[in-house]
Enquirer: 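Next up is a structure, given as structure tokens.
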Amino acid sequence: MPAAAPEHQTNEMPIDKKHPETTVMAAVDYRILPGTKSEVISLPEPVIPTTTDHLELQQYIDSLCVHTDTHSLTREKAMELIEVPEGLDVHEGVWCYEWMRRLCMDLNELVIALLEDGCEPTKCHLMNAGEYQFLCASHPRPRECSAIDYIHHTLTQSILLLLSPCFFDPSNPPSTHAFSSIARRLYRIFAHAWFEHHHVFWTVESETGVYKLFMAVSEKWRLVPVDLVILPKEAGEWTVEGDGEEVDEFDRGETVSGR
Ligand SMILES: [Zn+2]
Ligand SMILES: [Zn+2]
């Protein structure tokens, strides 16, 4: 007769506010042991980082996302979530960078769901979103790519830019303005999902809240101007004010029709 799985093997981790560094160490040591039932797993609460080290910031944002009930995520909650936590002295550009990095990871879930929904060159042979068609700017000259190629090229280009020294340099934090062109490209992935794979958009959104978080980041740091927001209010009400400036080489793609 097989041995019964232990009832509860998660490590309890009380937060020591006077000595937060102790809690950080406990978070690193946290393990879910083999045989633990999912219903008794309680993940440690997010612990505000004690330094602005990239790894600590990433772990904090990741744990915030894990603890967020994405089914009931609202615009207001999303805006709250992306605020710099009280007591953390971090450069605005670094904080925006860490959220952009997280959003690129979450967008991969949307890409997988699109692939499962048949978003292939034979079905979506152009990067369309309703009445709009977008050219892919990840080439020496902007060109027509199938939707899934556009998405892969744009995500890859975005991640390469985020890993480049001009963004990922702790001694020289980026301006939040620098993320505008990346965000505008990434926004079009949501647009394609919304207009061409509507149920996929909602399935992924209910699991991850990635669109609301993306738009919260966009609104806070004015990344995607309101005149480029083409998803209807049903997807969430956003009034992003932008300055409309074209920023860098990555922003060369144009809409073929529409805007
Ligand atoms: Zn598609
Ligand atoms: Zn391309």
Side-chain angles (χ1 to χ4, degrees), residues 70 100-168 178-215 217-218 223-225 227-236 238 242 245-259:
T70 51
M100 289 298 293
R101 170 204 150 273
R102 171 73 204 194
L103 290 167
C104 282
M105 285 170 55
D106 284 350
L107 263 167
N108 279 300
E109 296 210 24
L110 182 57
V111 177
I112 291 166
L114 289 173
L115 278 168
E116 288 173 349
D117 195 49
C119 185
E120 294 170 358
T122 48
K123 182 180 174 186
C124 302
H125 62 282
L126 293 171
M127 183 61 173
N128 291 330
E131 64 182 293
Y132 303 102
Q133 182 202 329
F134 302 109
L135 296 182
C136 185
S138 305
H139 307 276
R141 287 169 181 266
R143 72 177 201 206
E144 289 182 348
C145 283
S146 69
I148 200 66
D149 284 345
Y150 180 108
I151 291 167
H152 280 152
H153 297 163
T154 300
L155 260 180
T156 302
Q157 186 91 14
S158 301
I159 291 163
L160 285 174
L161 279 169
L162 290 175
L163 293 175
S164 69
C166 65
F167 287 106
F168 193 79
F179 298 102
S180 179
S181 61
I182 295 178
R184 277 188 268 196
R185 299 290 155 212
L186 294 176
Y187 177 80
R188 292 166 183 177
I189 300 175
F190 293 110
H192 180 73
W194 175 271
F195 288 103
E196 314 297 329
H197 305 266
H198 195 65
H199 66 284
V200 169
F201 175 92
W202 280 122
T203 302
V204 174
E205 184 60 12
S206 67
E207 287 172 4
T208 63
V210 61
Y211 179 69
K212 291 191 187 72
L213 289 170
F214 179 89
M215 292 307 288
V217 168
S218 177
L223 302 182
V224 181
D227 60 332
L228 295 183
V229 172
I230 59 175
L231 269 65
K233 285 184 175 178
E234 186 189 343
W238 304 97
E245 271 182 45
E246 295 297 311
V247 179
D248 59 29
E249 284 291 291
F250 187 44
D251 206 29
R252 290 166 300 169
E254 300 293 338
T255 51
V256 168
S257 61
R259 327 177 177 201

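Whatever order the structure lists ligands and atoms in, that order sets their numbers, starting from 1. Model, not experiment: these values are computed from the prediction. Every heavy atom of this structure was used, including side-chain atoms; hydrogens, water molecules and symmetry mates were not.
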Enquirer: Check the surroundings of atom NE2 in H125: do more than 12 heavy atoms from other residues, nucleotides or ligands lie under 6.0 Å from it?
Expert: no

Enquirer: Please work out the angle at the Zn ion (ligand 1) defined by atom SG of C124 on one side and atom NE2 of H192 on the other, rounded to 10°.
Expert: 120°

Enquirer: Can you tell me the angle formed at the Zn ion (ligand 2) by NE2 of H139 and SG of C136, to 10°?
Expert: 100°

Enquirer: Would you mind naming the N, O or S atom of H153 nearest to the Zn ion (ligand 2)?
Expert: ND1

Enquirer: From L160 CG over to I182 CD1, what is the distance, rounded to the nearest 0.5 angstrom?
Expert: 10.0 Å

Enquirer: If we ignore angles and hydrogens, is there a donor and acceptor under 3.5 Å between the side chains of R184 and S180?
Expert: yes

Enquirer: Kindly compute the distance separating CG (D106) from CG (L103), expressed to the nearest 0.5 Å.
Expert: 6.5 Å

